[in-house]
Each structure stands twice: as structure tokens, then as C-alpha cells.
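Scroll down for the structure; my scribbles are underneath it.
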Number of protein chains: 2
Amino acid sequence: MKKTDILKKLRSSGLRPTKQRVEIAKFLFEREKTFHFTVESLNRLLTKKSVSKIALATIYNTVHAFKTAGHLSEVEVRGNKTYFDTNVSNHHHFYDSETSELIDIDASDIVIQKIPKAPNGKKIKNVEVFINLKN
Amino acid sequence: MKKTDILKKLRSSGLRPTKQRVEIAKFLFEREKTFHFTVESLNRLLTKKSVSKIALATIYNTVHAFKTAGHLSEVEVRGNKTYFDTNVSNHHHFYDSETSELIDIDASDIVIQKIPKAPNGKKIKNVEVFINLKN
DNA sequence: TTTTCACTTTAGAATTATTATAAACTAGAA
DNA sequence: TTCTAGTTTATAATAATTCTAAAGTGAAAA
Ligand SMILES: [Mn+2]
Ligand SMILES: [Mn+2]
Ligand SMILES: [Zn+2]
Ligand SMILES: [Zn+2]
């Protein structure tokens with residue numbers, strides 16, 4: 001991902017490209033593979049990596065703005081912390097509770113043969129498959 | 001579910017059948033259909049239904065003892081609250097985010113045709129399917 | 001340029017869910 | 001009955017997240 005894309009992500013999230021936000025955005029989006037994180041883990045990694053410390057409130061605000069803009073998604077994981085995902089396409093997850101690690105599964109790698117119809121006047125919005133791992 | 005079963009559930013959870021615990025257990029298990037709840041919703045319903053108010057700490061403790069004993073399971077739902085489930089068999093869920101309501105799907109009603117193999121030295125512990133509903 | 005001001009960052013306070021604590025209470029064995 | 005381990009409860013503590021309000025910043029207006 002190029003620098004211009006970072007700026008585009010910020011602008012499309014309604015955010016001015018400040019020093020802190022660019023640093024967060026680069027950390028999140030300038031990578032090959034999907035990145036799964038909690039605000040706490042992101043904060044820890046950012047503090048380790050960068051010179052200037054970014055306030056936790058700024059990280060929360062920026063992450064939420066990206067989520068609202070559709071540049072980050074949220075993954076449901078057991079526990080009290082919220083997990084975010086740089087992969088915003090429809091996909092599934094392996095979860096290793098030993099390491100608290102999420103691993104992406106491409107939507108095409110899971111095929112569901114039989115599924116019940118939605119109740120009453122409802123429709124199916126999306127289907128999430130979560131595969132818990134053990135040793 | 002009969003009274004003796006309630007006492008059995010309590011005993012097998014390592015809990016003496018006190019007034020409060022019997023009241024909670026009856027409320028949870030003396031019903032036909034599966035019951036999905038948060039500690040907050042359970043507390044609200046118990047307060048409405050019963051004469052004596054049960055301390056929140058007692059509800060937390062009792063629910064956790066039931067969960068540890070395998071009489072309740074936990075369901076991952078978006079948000080910060082923990083959802084519990086009186087259905088402890090392997091099954092799946094519809095989720096209506098409008099009403100925050102979970103609806104059970106029997107394991108046999110979902111058939112997965114293709115699934116990726118577990119990474120490295122890991123095995124699949126279980127597969128949870130979560131179907132989000134919309135109007 | 002200097003000024004201006006809307007937008008930002010930040011530390012810390014507030015809120016919410018949950019867990020821990022410790023004192024008063026109770027079931028049930030002795 | 002008495003005794004005591006186990007229990008209930010109010011309240012404190014903790015943890016994740018959100019709110020607040022004061023100080024900071026930077027681009028555009030004057
Ligand atoms: Mn969660
Ligand atoms: Mn949750
Ligand atoms: Zn993912
Ligand atoms: Zn269920």
C-alpha cells in the first residue's frame with residue numbers, strides 16, 4: 001500500500017492526515033497480510049515501534065473512524081476485548097485460544113451445503129464461520 | 001425439568017441448594033425452550049419475577065458455576081456484554097441485531113461441504129456458525 | 001506575515017461490565 | 001442446639017472503553 005492510499009483512507013474516513021493518524025494508518029495498512037488486533041495490542045506495538053507516544057484516546061478515535069468508514073472490521077472473539085481486522089472482505093476465521101490468534105479463511109474455502117431459512121420476515125445478512133482450534 | 005433435576009444441577013456444580021441458587025436455577029432451567037441471556041437481563045427478569053432481590057454478585061457466581069460445570073454455555077455476540085445459553089449442545093445461531101435476540105439452529109440444520117484443514121500442528125475443536133439477520 | 005479558528009491531541013475523569021473482598025448470615029452435620 | 005464451612009451481600013477494585021475539556025496545530029484569511 002502506497003502513501004497516497006494512506007492519505008485516501010484517512011480522507012475517506014473524514015480525518016485530516018495528522019502525524020499521529022498517519023502513523024497509525026501506516027502501521028495498520030502498509031502490510032502484506034491481514035492484521036488482527038485489539039486497541040491494547042495496537043497501542044503496545046505502536047509504542048514499541050515509534051518515537052512519539054500516541055494517546056490511547058487518539059488510537060480509539062482513529063480506529064473507530066476507520067471502522068465506521070469500512071476500512072476496518074470487527075471480529076467477535078471470546079473475552080472482553082474488541083478485536084479489529086484489516087481484512088474487510090467477507091471471510092471467516094480460525095481461532096487459536098492458546099495464543100489468542102486469529103487466522104483468516106477465505107470465503108471461498110468454506111462451502112455451506114445446507115442452511116436454514118431465516119425466521120419470520122427476516123433475511124440473512126451474512127454468515128460468519130468461526131473455527132476454534134486445539135492442539 | 002423437575003425439581004430433582006434442579007438440585008442435581010446445583011450439586012453437580014458444587015453448589016449447595018440455597019434459596020437464591022434454587023431460584024436462579026429454576027428460572028434458567030425450568031423452561032421448554034433454550035434461553036439466551038446476559039447477566040444484566042437475567043438480573044432484570046429475576047428482580048421482576050421474584051419477591052426477594054438477589055445480589056448481582058450471587059448471580060454472577062451462580063452463572064459462572066453453571067458454566068464451569070457445563071450447564072450453561074457462552075455465545076459470542078457483538079458488544080461488550082457476555083451472553084449465556086441454556087443450550088449446551090453443539091449448535092449454531094441466528095442473530096437479530098435489531099432486537100439483540102439469539103435464535104438456536106440445530107447442528108444438523110447446517111451442513112458444511114468444504115472446510116480448510118487446520119494450520120500447523122493444530123486440530124479443529126469445533127465450528128460455530130453465526131448468521132446475522134436483517135429485515 | 002500574523003491572526004484566526006476549526007479541528008486535534010491529550011490526560012484524566014466517567015462509565016460499564018465484571019471480579020474481588022470481607023463482614024454478616026445460614027444450612028446442615030455433629 | 002451448637003458449630004462451622006460455605007454463602008450472600010454491599011461495596012470496592014479492576015479493566016475496557018468513552019467522554020470531557022483544556023491546550024496544541026496548521027492551513028487559510030486578513
Ligand atoms: Mn468479544
Ligand atoms: Mn462479545
Ligand atoms: Zn480476518
Ligand atoms: Zn443457543
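In what follows, every chain begins at residue 1, and chains take the letters A, B, ... in the order their sequences are listed.
- Distances shown here put a side-chain N or O of Thr82(B) below 4.0 Å from the OP1 or OP2 atom of dT18(C).
- Rounded to a whole Å, the CZ atom of Arg11(A) is 17 Å from the P atom of dC7(C).
- Closest approach to the Ala55(B) side chain among dT10(C), dT9(D), dT17(D) is made by dT9(D) (side chain taken as heavy atoms from C-beta onward).
- Atom CG in Leu56(B) sits about 9 Å away from atom C1' in dA17(C), given to the nearest Å.
- A salt bridge between Lys122(B) and Glu101(A) is absent, with no side-chain N of the basic residue lying under 4.0 Å from a carboxylate O of the acidic one.
- For His64(A) and dT8(C), the NE2 to C1' distance is 18 Å, given to the nearest whole Å.
- Straight-line distance from the CG atom of Leu15(A) to the C1' atom of dC7(C): 11 Å, rounded to whole Å.
- Hydrophobic clustering, with ILVMFWY side chains joined whenever heavy atoms are under 4.5 angstrom apart, keeps Ile105(B) apart from Phe84(B).
- The two atoms that bring Pro116(A) and Ile124(A) nearest to each other are O-CD1, 4.0 Å, heavy atoms only.
- Rounding to the nearest 0.5 Å gives a distance of 9.5 Å between CG of Leu72(B) and NZ of Lys67(B).
- Contact annotation: Gln20(B) side-chain N/O to dT9(D) OP1/OP2 distance is under 4.0 Å.
- Taking atom OH of Tyr60(B) as the reference point, atom P of dA15(D) lies 15 Å away to the nearest angstrom.
- Following rounding to the nearest Å, Lys81(B) (NZ) and dT18(C) (P) show an atom-to-atom distance of 8 Å.
- Dashed line: the shortest gap from a side-chain N or O of Thr58(A) to OP1 or OP2 of dT8(C) is not under 4.0 Å.
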Query raised in the report: Using a cut-off of 4.0 Å between protein heavy atoms and nucleotide atoms, how would you tag nucleotides 22-30 of chain C 5' to 3' with B, S and -?
Result: -----B---
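- Interatomic distance, NE2 of His36(A) versus OH of Tyr83(A), reported as 10.5 Å (0.5 Å rounding).
- Between Ile59(A) atom CD1 and dT10(C) atom P the separation is 9 Å, expressed in whole Å.
- Distances from the side chain of Arg21(A) to the nucleotides dT9(C), dT9(D), dT18(C) place dT9(C) closest.
- Interatomic distance, Leu46(A) CG to Leu28(A) CG, rounded to the nearest 0.5 Å: 7.5 Å.
- Counting to the nearest Å, the C1' atom of dT16(C) and the CG atom of Asn80(A) are 12 Å from each other.
- With values rounded to the nearest 0.5 angstrom, Thr34(B) atom OG1 is found 9.5 Å from Asp106(B) atom CG.
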